[in-house]
Amino acid sequence: MSAITIKTPEEIQLMREAGKILAQVHEAMAREIHAGMSTLELDKFCEELIRSYGCEPNFKGLYDYPASVCISINDEVVHGIPTADRIICEGDIVSLDTGVLYKGYHSDAARTIGIGEISEEARLLIERTRQSFFEGMKYATAGKHLYDVSGAIGRYAESFGYGVVRDLVGHGIGTSLHEEPEIPNFRKGFRRGPKLMAGMTLAVEPMINAGTPDVCWMDDGWTVVSMDESLSAHYENTIVITDGTPEILTLTPSELKAMEEK
């Protein structure tokens, strides 16, 4: 097992740029997505936009994944493959997970978006999945332990009766998209996990089901769905651990402003 890397200020600045670009990509996808478009159309839009910033779509070709953005609809948890015949419909919830490679450094983020009028169940699931991430951020500071973050995410989500997916986790990030450590969204027994240190860069990503936490893989070998066919939501950001509040690299200025106003 490789060690958790501590990034230099110069490396963190490159990751800030990668994160800033990715936030803009997500913002543009949220404007572009609409009922009636195919998931392949959205994937092409995403790839062209990432390349327009002089970056590479870091998902494309990784472990032979064929697209630039994972597009997962309704009961699909993660890793949905875009196709020409998968059409986004009114009332769907769509999880978009993508990343960019900028000057050798990666960023990774996910958002779940409601298409038009969605059910109250779906709206709350999206909102609470997002908030579970921020509950975890309360513990994402140097001197705390990794599973303090994990436990806070899981406690919040489970307080609503949701299933916190156990088969998939977050990860470290930097010159590789997936680095140490693995970051569960639930506490692992009584263990505390690695001690957090300033300069660690992490991709924290709650994946929350409205029903049970159980998932299965579809025949394409990629798409993960909830076992009970319940709705699933996904929210992820790339962060930097500091001696105080973590720095979240993949938020837009408007998202950061909204956080400050709360």
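Only heavy atoms go into these numbers, but all of them, side chains included; no hydrogens, no water, no symmetry mates.
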#### Entry: Trace of the side-chain contact (heavy atoms from CB on, under 4.5 Å) decision for Arg51 with Glu47
CA-CA 6 Å; Arg51 294 191 188 282; Glu47 180 173 354; 3.0 Å; yes
### Query
Can you find a heavy atom in the side chain of Pro181 that is under 4.5 Å from one in the side chain of Leu146?
yes
### Query
Is there side-chain contact between Val225 and Cys216, with at least one heavy-atom pair below 4.5 Å?
yes
### Shortest non-hydrogen contact from Ala67 toward Asp43
CB-OD1, 3.4 Å
### Message
Looking at every non-hydrogen atom in both residues, tell me the closest pair between Gly114 and Ile118 and how far apart they are.
### Response
CA-CG2, 3.7 Å
### Query
Between Val69 and Ile88, is there a shared hydrophobic cluster once you connect ILVMFWY residues whose side-chain heavy atoms come closer than 4.5 Å?
yes
### Shortest non-hydrogen contact from Glu236 toward Ala203
OE2-CB, 3.4 Å
### Message
I'd like to check Leu62 versus Leu177 (side-chain heavy atoms, cut-off strictly below 4.5 Å). Are they in contact?
### Response
yes
### Message
When you group the ILVMFWY residues by side-chain heavy-atom contacts below 4.5 Å and let the links chain together, are Leu249 and Val25 in the same group?
### Response
yes
### Query
Quick one: CD1 on Ile173 to OG on Ser107, what's the gap to the nearest 0.5 Å?
6.0 Å
### Task
Evaluate the side-chain contact (heavy atoms from CB on, under 4.5 Å) criterion for residues Asp97 and His234: first the C-alpha distance (whole Å), next the side-chain angles of each, then the deciding distance (0.1 Å), finally the verdict.
CA-CA 8 Å; Asp97 185 8; His234 185 196; 3.3 Å; yes
### Task
Find the distance between CD (Glu121) and CD1 (Ile126) and round it off to the nearest 0.5 Å.
10.5 Å
### Query
Under 4.0 Å between a Lys/Arg side-chain N and an Asp/Glu carboxylate O for Arg123 and Glu120?
yes
### Message
Do His178 and Tyr63 have side chains that approach each other closer than 4.5 Å (heavy atoms only, starting at C-beta)?
### Response
yes
### Query
When you measure from the side chain of Glu17 to the backbone N and O of Leu14, does any donor-acceptor pair fall under 3.5 Å?
no
## Note on the structure
Tightest non-hydrogen contact, residues Tyr65 and Ile71, listed as OH-N, 4.5 Å
### Task
Using a strict cut-off of less than 4.0 Å between a Lys/Arg side-chain nitrogen and an Asp/Glu carboxylate oxygen, indicate whether Glu76 and Arg86 qualify as a salt bridge.
yes
### Query
Do the side chains of Val224 and Met207 get nearer than 4.5 Å, heavy atoms only?
no
### Task
Could you walk me through whether Thr212 and Tyr162 pass the side-chain contact (heavy atoms from CB on, under 4.5 Å) test, one step at a time?
CA-CA 7 Å; Thr212 73; Tyr162 295 148; over 6 Å; no
### Query
Any sub-3.5 Å donor-acceptor pair from Thr250's side-chain atoms to Thr238's backbone N or O?
yes
#### Entry: Value rounded to 0.5 Å, distance of OG1 in Thr83 from CD in Glu41
11.0 Å
### Query
Is it the case that one hydrophobic cluster holds both Val100 and Tyr235, taking links as side-chain heavy atoms less than 4.5 Å apart, direct or via other members?
no
### Task
Report yes or no: do Ile50 and Leu251 belong to one cluster of Ile/Leu/Val/Met/Phe/Trp/Tyr joined by side chain heavy-atom distances under 4.5 Å?
no
### Task
Please test Cys70 against Val78 for side-chain contact (heavy atoms from CB on, under 4.5 Å), starting from the C-alpha separation and ending with a verdict.
CA-CA 7 Å; Cys70 298; Val78 286; 6.0 Å; no
### Query
If you round to the nearest 0.5 Å, how far is CD1 of Ile241 from CG of Leu202?
5.0 Å
### Message
Quick check for you: to the nearest 0.5 Å, what is the distance between Leu101 atom CG and Leu22 atom CG?
### Response
12.0 Å
### Message
I'd like to know if the side chain of His171 pairs up with that of Glu182 as donor and acceptor (distance under 3.5 Å, no hydrogens or angles considered).
### Response
no
#### Entry: Short side-chain donor-acceptor distance under 3.5 Å, Ser68 and Lys60
no
### Any pair counted as salt bridge (charged side-chain N to carboxylate O under 4.0 Å, His left out), so long as it reaches residues 151-167, sequence neighbours left out
Glu158-Arg166
### Task
Report yes or no: does Glu117 contribute a side-chain atom to a donor-acceptor pair with the main-chain N or O of Glu90 at less than 3.5 Å?
no
### Query
Quick one: CD1 on Ile93 to CG on Leu125, what's the gap to the nearest 0.5 Å?
5.5 Å
### Query
With a 4.5 Å limit on heavy-atom distance, are the side chains of Leu42 and Leu96 in contact?
yes
### Task
Only pairs at least two apart or in different chains count here, so list each ring pair (Phe, Tyr, Trp, His ring centres under 6.0 Å) that has a residue in residues 72-120.
His79-Trp222
### Message
Checking Thr5 against Glu179: is there a side-chain donor and acceptor pair closer than 3.5 Å?
### Response
yes
### Query
Do Asn237 and Arg111 have a side chain donor and acceptor closer than 3.5 Å?
yes
### Message
For the backbone of Thr252 and the side chain of Glu255, can you confirm whether one donor and one acceptor N or O come within less than 3.5 Å of each other?
### Response
yes
### Query
Where do Val169 and Ile183 come nearest, in terms of heavy atoms and distance?
CB-O, 3.4 Å
### Query
With distance as the sole test, does Asn209 use its side chain to make a donor-acceptor pair with the main-chain N or O of Gly163 at under 3.5 Å?
no
### Query
Just checking, is any N or O donor in the side chain of Thr112 or Ser95 under 3.5 Å from an acceptor N or O on the other one?
yes
### Task
Please confirm whether Arg187 makes a cation-pi placement over Tyr147, using NZ or CZ under 6.0 Å from the six-membered ring centre and within 45° of the ring normal.
no
### Query
Taking atom NZ of Lys20 as the centre, does the number of heavy atoms from other residues, nucleotides or ligands within less than 6.0 Å exceed 12?
no
Using atom types as modelled, flag every donor-acceptor pair under 3.5 Å from a side chain in residues 26-34 to any protein atom, sequence neighbours excluded.
{"from": "His26", "atom 1": "NE2", "to": "Ala109", "atom 2": "O", "distance (Å)": "2.9"}
{"from": "His34", "atom 1": "ND1", "to": "Glu32", "atom 2": "O", "distance (Å)": "2.8"}

### Query
Out of curiosity, does Phe186 fall in the hydrophobic cluster containing Phe133 (side-chain heavy atoms, cut-off under 4.5 Å, transitive links)?
no
### Query
Considering only heavy atoms from C-beta outward, does the side chain of Val149 approach that of Leu196 to under 4.5 Å?
yes
### Task
Return the minimal non-hydrogen interatomic distance between Ile239 and Ala140, and the atom names on each side.
CD1-CB, 4.2 Å
### Query
Are any side-chain N or O atoms of Asn185 and backbone N or O atoms of Glu205, one a donor and one an acceptor, separated by less than 3.5 Å?
yes
### Query
Are a donor atom and an acceptor atom from the side chains of Gln131 and Arg128 found within less than 3.5 Å of each other?
no
